[in-house]
Novice: 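Supplied in structure tokens, the structure appears directly below.
A note on names: the letters A, B, ... follow the listed sequences, proteins ahead of strands, and every chain is numbered from 1.
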Amino acid sequence: MKQSENIVNDFNIEQFQHDLITWFEREQRILPWRQDQDPYKVWVSEIMLQQTRVDTVIPYFNRFVEHFPTVESLAHAEEDKVLKAWEGLGYYSRARNLQAAVKEVHEQYGGKVPNTPEEISKLKGVGPYTTGAILSIAYGVPEPAVDGNVMRVMSRILSIWDDIAKPKTRKLFEEIIRLIISKDNPSYFNQGLMELGATVCTPTSPSCLLCPVREHCRAFEQGVQAELPIKSKKKPPKPKQMAAVVLTNEKGEVLIHKRPNKGLLANLWEFPNVEVDLSIGSDKDQLKAFLWTDYRTNATLHQQFATIQHVFSHLVWNIAVYEGSIADDISESDTRKLVSIDELENYAFPVSHQNILKEYRLR
DNA sequence: TATTCGTGGGA
DNA sequence: TTCCCAAGAAT
């Protein structure tokens with residue numbers, strides 16, 4: 001017998017489905033993406049919600065669907081506009097992958113979001129979770145949508161002690177959900193599990209006394225709900241020393257640079273900056289050398305006016321920020337522009353460089 | 001499989 | 001303050 005079948009053996013599936021779904025019908029939060037089942041809007045919401053809290057997503061979602069209400073409108077939008085709408089939300093590849101996938105849907109599927117696992121999961125940025133979420137919520141197809149909530153909730157309910165940080169564990173939960181998902185209402189079943197994880201079966205101090213499926217919960221029965229799920233820790237981010245400059249010409253325009261189209265903060269704009277090694281020399285000298293090699297400009301660097309720390313998931317930037325001026329001309333290009341201070345708001349910056357601009361205005 | 005991809009909020 | 005995280009996917 002498979003592990004998943006063994007785990008679900010003796011579990012009252014039908015009663016659990018009923019208790020979960022009726023609770024969700026009764027208690028679900030009113031959220032912008034729950035106003036209808038438009039597959040495009042379900043899709044957008046699911047991409048935004050990846051690794052991101054509901055309260056953070058709400059204003060972004062509302063603005064995004066206002067700017068880009070349909071598959072066609074997003075397919076035809078300029079990427080810079082899409083990134084600007086995503087500015088501050090993080091994981092910016094989500095935005096570019098979403099637009100690439102929407103173009104695919106526009107061109108290959110006549111603008112209609114496909115409704116099979118095979119077709120949906122081929123779209124850029126759409127993995128196993130999002131495939132199941134779109135299929136179940138928008139089309140009522142009984143596919144598992146296993147996210148962090150589902151793994152936490154089900155590890156408690158079924159007393160599963162596998163490490164949910166391991167990729168293999170997600171597959172176990174997918175097998176389990178396939179065995180217990182409601183065929184009548186897969187949308188509310190999947191959403192109910194996630195809603196339960198977000199509002200009741202929380203990571204710390206779950207509200208078991210308010211739980212609609214408490215009588216199904218093996219962890220509660222054994223009093224071990226606080227010990228589940230098992231989740232191994234991630235390694236701490238590594239620090240990087242950076243130097244950046246707000247560089248102005250005689251007209252008061254500021255030099256900005258577009259990041260490469262791959263990797264960290266891809267295709268976002270930034271102030272000229274470079275990683276420095278303080279054991280070699282001063283950050284100011286290394287910044288000046290960088291401006292010469294990369295921009296062929298002989299800049300004059302003035303005083304450092306800020307130090308900015310920015311924490312990512314896997315690294316920490318410590319940025320020394322200088323004020324500078326250029327006397328000679330710099331040729332502009334697609335990735336290099338001289339912009340007046342007021343025009344900067346039209347470009348998408350990572351939060352770290354938004355903070356550089358804030359400090360510059362306050363200096 | 002483990003690492004790379006952001007950000008802001010909460011314990 | 002420090003840590004962990006929150007509706008994951010790509011590589």
Novice: Which is true for A:Gly88 with a 4.0 Å heavy-atom rule: it touches a base, it touches only sugar-phosphate, or it touches nothing?
Specialist: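 Counting heavy atoms under 4.0 Å across all strands, the contact made by A:Gly88 is with sugar-phosphate only.
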
Novice: Between A:Val351 and A:Thr204, just flag the one whose closest nucleotide in DNA chain B comes earlier from the 5' side.
Specialist: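 Taking each residue's closest nucleotide, the earlier one in sequence belongs to A:Val351.
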
Novice: In sequence, state the C-alpha distance, the side-chain angles, and the governing distance for A:Glu46 and A:Arg94, and then conclude on salt bridge (Lys or Arg N to Asp or Glu O under 4.0 Å).
Specialist: CA-CA 10 Å; A:Glu46 291 301 339; A:Arg94 292 184 296 177; over 6 Å; no

Novice: Does a side-chain N or O from A:His310 land closer than 4.0 Å to OP1 or OP2 of B:dT7, or not?
Specialist: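 Yes, such a contact exists.
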
Novice: Hey, does A:Val126 reach any base, or is it just sugar-phosphate, or nothing, if we go heavy atoms under 4.0 Å?
Specialist: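 Sugar-phosphate contact only.
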
Novice: Considering only heavy atoms from C-beta outward, does the side chain of A:Leu344 approach that of A:Phe349 to under 4.5 Å?
Specialist: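 Contact flag for A:Leu344/A:Phe349 side chains = yes.
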
Novice: Looking across every strand, which nucleic acid part, if any, lies under 4.0 Å from A:Arg259 by heavy atom: base, sugar-phosphate, or nothing?
Specialist: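 No contact.
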
Novice: Anything under 30° is parallel, anything over 60° is perpendicular, the rest tilted; go ahead and classify A:Phe271 against A:His353.
Specialist: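 A:Phe271 and A:His353: parallel rings.
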
Novice: Spell out yes or no: do the side chain of A:Thr52 and the base of B:dG6 have one donor N/O and one acceptor N/O closer than 3.5 Å?
Specialist: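 Donor-acceptor pair under 3.5 Å: yes.
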
Novice: Please classify the nucleic acid contact of A:Thr130 as base, sugar-phosphate, or nothing, using heavy-atom distances under 4.0 Å.
Specialist: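 Sugar-phosphate only.
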
Novice: Considering every strand and a 4.0 Å limit on heavy-atom distances, what is the contact class for A:Val311: base, sugar-phosphate, or nothing?
Specialist: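 If one applies the 4.0 Å heavy-atom cut-off, A:Val311 turns out to touch a base.
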
Novice: Reckon A:His314 has a side-chain N or O less than 4.0 Å from the OP1 or OP2 of B:dC5?
Specialist: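 Result: yes.
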
Novice: At under 4.0 Å between heavy atoms, what does A:Leu265 touch on the DNA or RNA strands: base, sugar-phosphate, or nothing?
Specialist: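 Sugar-phosphate, no base atom in range.
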
Novice: Which atoms form the tightest heavy-atom contact between A:Tyr360 and A:Glu323, and what is the distance?
Specialist: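 That would be CE1-CG, 4.2 Å.
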
Novice: Have a look at A:Lys231 and say if it touches a base, only the backbone sugar-phosphate, or nothing, with a 4.0 Å heavy-atom cut-off.
Specialist: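 A:Lys231: backbone/sugar contact only, no base atoms under 4.0 Å.
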
Novice: What about A:Tyr91, does its side chain sit under 3.5 Å from the base of B:dG6 through a donor-acceptor pair?
Specialist: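 Per atom types, the contact qualifies.
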
Novice: With the threshold set at 4.0 Å, does a side-chain nitrogen-carboxylate oxygen contact exist between A:Lys124 and A:Glu104?
Specialist: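 Judged by the 4.0 Å cut-off on N to carboxylate O distance, A:Lys124 and A:Glu104 do not form a salt bridge.
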
Novice: So, does the side chain of A:Ser313 form a donor-acceptor pair with the base of B:dG6 at under 3.5 Å?
Specialist: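 Check passes, donor-acceptor contact within cut-off.
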
Novice: From the list C:dA6, C:dC4, B:dG6, which nucleotide is the closest neighbour of the side chain of A:Leu264?
Specialist: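 It is B:dG6.
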
